[in-house]
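Note that this is a predicted model, so its numbers are computed, not measured. Just so it is clear: chains get the letters A, B, ... in the order the sequence lines come, proteins before strands, and each one is counted from 1.
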Protein chains: 2
Amino acid sequence: MVPPDPAVLQEAKRRHNQLTKPAGSLGRLEELGAWIAACQGNCPPRPLSQPRIVVFAGDHGVAERGVSAFPSEVTGQMVANFLTGGAAITVLAGVAGAGVRVVDMAVDADTPERVGTHKVRRGSGAIDVEDALTEAEVRAALAAGRAVADEEVDSGADLLIAGDMGIGNTTPACVLIAAMTGEEPVAVIGRGTGIDDNGWMRKAAAIRDALRRARKVIGDPVALLRTAGGADLAAMAGFLAQAAVRRTPVLLDGLVVGAAALLAEDLAPGARDWWVAGHRSTEPAHSMVLSHLGLTPILDLGMRLGEGSGAAVALPILTMAVGVLAQMATFAEAGVSGREAGEPS
Amino acid sequence: MVPPDPAVLQEAKRRHNQLTKPAGSLGRLEELGAWIAACQGNCPPRPLSQPRIVVFAGDHGVAERGVSAFPSEVTGQMVANFLTGGAAITVLAGVAGAGVRVVDMAVDADTPERVGTHKVRRGSGAIDVEDALTEAEVRAALAAGRAVADEEVDSGADLLIAGDMGIGNTTPACVLIAAMTGEEPVAVIGRGTGIDDNGWMRKAAAIRDALRRARKVIGDPVALLRTAGGADLAAMAGFLAQAAVRRTPVLLDGLVVGAAALLAEDLAPGARDWWVAGHRSTEPAHSMVLSHLGLTPILDLGMRLGEGSGAAVALPILTMAVGVLAQMATFAEAGVSGREAGEPS
């Protein structure tokens, strides 16, 4: 994978030191602006004119085990809610100036035709007892995710966010994360949408059983997605890998997207250089993803919704980081005196 | 001080539990939205239509001791940079949709007439050896800050941010914070704009000397501002206190505004209920302010610029928090099923 342009990264750092502020005083904002410049291969960077959020929706057979606080029918209902603008992600995207697209990969309901062109099946398998997908379905879902990334980049998207919607989807996400990081099941299990203690025990049992199946195929991302993933997770993995191939920066969301990111980095090593982490989810397994990928989240606001919401909340910070690097005056331009003689630069 | 409306706060929390997301899943965003609703006395809250940033500028005689990496002339030059839009705060405010106003309280240079209507003097005194201001000047500066808050609220501002600009201003800020929190001088001293080790020692000596003078008047905020403050700091304190009187929410910035906030809370107990902390500065004394006021910052991005920049970066998050509470659909409106029977609500 070609990384973001290291020469432009250095040029951006030099430019930051000429802008009318003490060097380094904008902290993480300076790093983020320089990273976007390097992704664009351009300093100063162009404004982020078309950030796009793609929500990948899918149901999961394992939801039948009572691993979520909500029934599976909510997945399809939420797809409708996205399309009418009543969901968190659509509201957040509106403030952040991002477009939202919904892609039905495996919702166990009929959805409007325009969101279902990449649909692989109705509901992925119950991973505690059976495969989530066939190998052909895994490959179709990966290809769909790549195709969606291509479609977005070809339409002018200059920053991509993946989001997830699917009742029960934190269960396969936790299994994949445990399988890929070597963590114990009990360490990765969070409360998801807010299950009670009995729900947590049901989720733990499902994760234990699915992980027993998944551990036989560790090291083979396609087989992992087949055994313990889902069409939505596979599509997100393809999407995140292809964004990097297309040299388009990505703002990562939380747990479910994080599981897909681990797979994408396995499928396309070096892809992570094109990603920043929008936030730290309260789900324990998400912190394992972040440390495994070596990513430091921009925000830590106690969020755990999914849909791409944590990334969307971080988006204005990226927009500001780009604005600072592109629009601030230099000391010379503004006629502002530099540091005192004898002070280090 | 009348607090934000507790009944509306409860109403907002109830509304959050009816919106199409797991209860509590937006974390801090839910708290912030409910707080704005309570400040407005209105649920759902109105959009933040006119957030305003007021940068209070002033020079400090103590800058002559070499406590900053930049010469004092930069203060006036940066005021000009604010007015032409080349500074960090003007760029950040543009992205966040906030207006910026500059108020010259004590710049040691001529500034455009429109920013100097509240000017108290040219440069506050060198606090290691003399008072910063006369008592009459303190009272004039406090009144100026209150008047600016009134002007802004009367013009329709529905959220206020105070920012600072003044070479050397972290020195009086550290003295005031040490005096008001009882911290040792050495614990409060940061690198400000980025001083080297010799500069740090000069700053430590100035803070030690000024704190010796300030400790004689602990418990008397007006005398503290006279002894070891400055006209900019006094104006910010008046501004922050009056914002609370006018029931207008405030997003606090970093170290210098934090010092003013400690004084404002002393002058108008309970004012802090009308404030949230935008970010945590890298300056150690700022964390002391946050813990003294019991405020948890929204962001922690390694920033240390001042100008209101840390608050400005947090502003879109507040805008999003309001948007979520005001615009998301409820489960009933969207026809989305609620939690499974038997699950806690």
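Neither the backbone nor the side chain of A:Leu32 has a heavy atom closer than 4.5 Å to any heavy atom of chain B. Both the backbone and the side chain of A:Gln327 come within less than 4.5 Å of a heavy atom of chain B. Within the 4.5 angstrom heavy-atom criterion, no atom of B:Thr84 approaches chain A. Using a 4.5 Å cut-off between heavy atoms, B:Leu315 makes no contact with chain A at all.
Of all heavy-atom pairs between A:Asn81 and B:Ala329, the closest is OD1-CB, 3.8 Å. The shortest non-hydrogen separation linking A:Thr20 to B:Ala87 is OG1-CA, 4.3 Å. Closest of all the heavy-atom pairs between B:Pro22 and A:Arg304 is CB-NH1, 4.1 Å. For B:Val95 against A:Pro316, the heavy-atom pair with the smallest separation is CG1-O, 4.3 Å. Across every non-hydrogen atom of B:Leu92 and A:Val324, the tightest pair is CD2-CG2, 3.7 Å. In terms of heavy atoms, A:Val336 sits closest to B:Gln77 at CA-OE1, 3.3 Å.
Listed options B:Ala326, B:Gly86, B:Gly27 were ranked by heavy-atom pairs under 4.5 angstrom with chain A; first place goes to B:Gly86. Chain A forms the most heavy-atom pairs under 4.5 Å with one residue out of B:Met320, B:Glu31, B:Glu73, and that residue is B:Met320. Counting heavy-atom pairs closer than 4.5 Å to chain A, the top-ranked of the candidates B:Gly192, B:Gly85, B:Ser281, B:Ala88 is B:Ala88.
In this structure, the side chains of A:Leu299 and B:Leu299 come closer than 4.5 Å at one or more pairs of heavy atoms. Within the 4.5 Å cutoff, no side-chain heavy atoms of B:Leu26 are placed close to those of A:Leu301.
Here NE2 of A:His279 is found 16.0 Å from CZ of B:Arg28. Values are rounded to the nearest 0.5 Å.
Sparse packing is recorded around CD of B:Glu64, with 12 or fewer heavy atoms of other residues, nucleotides or ligands lying under 6.0 Å away.
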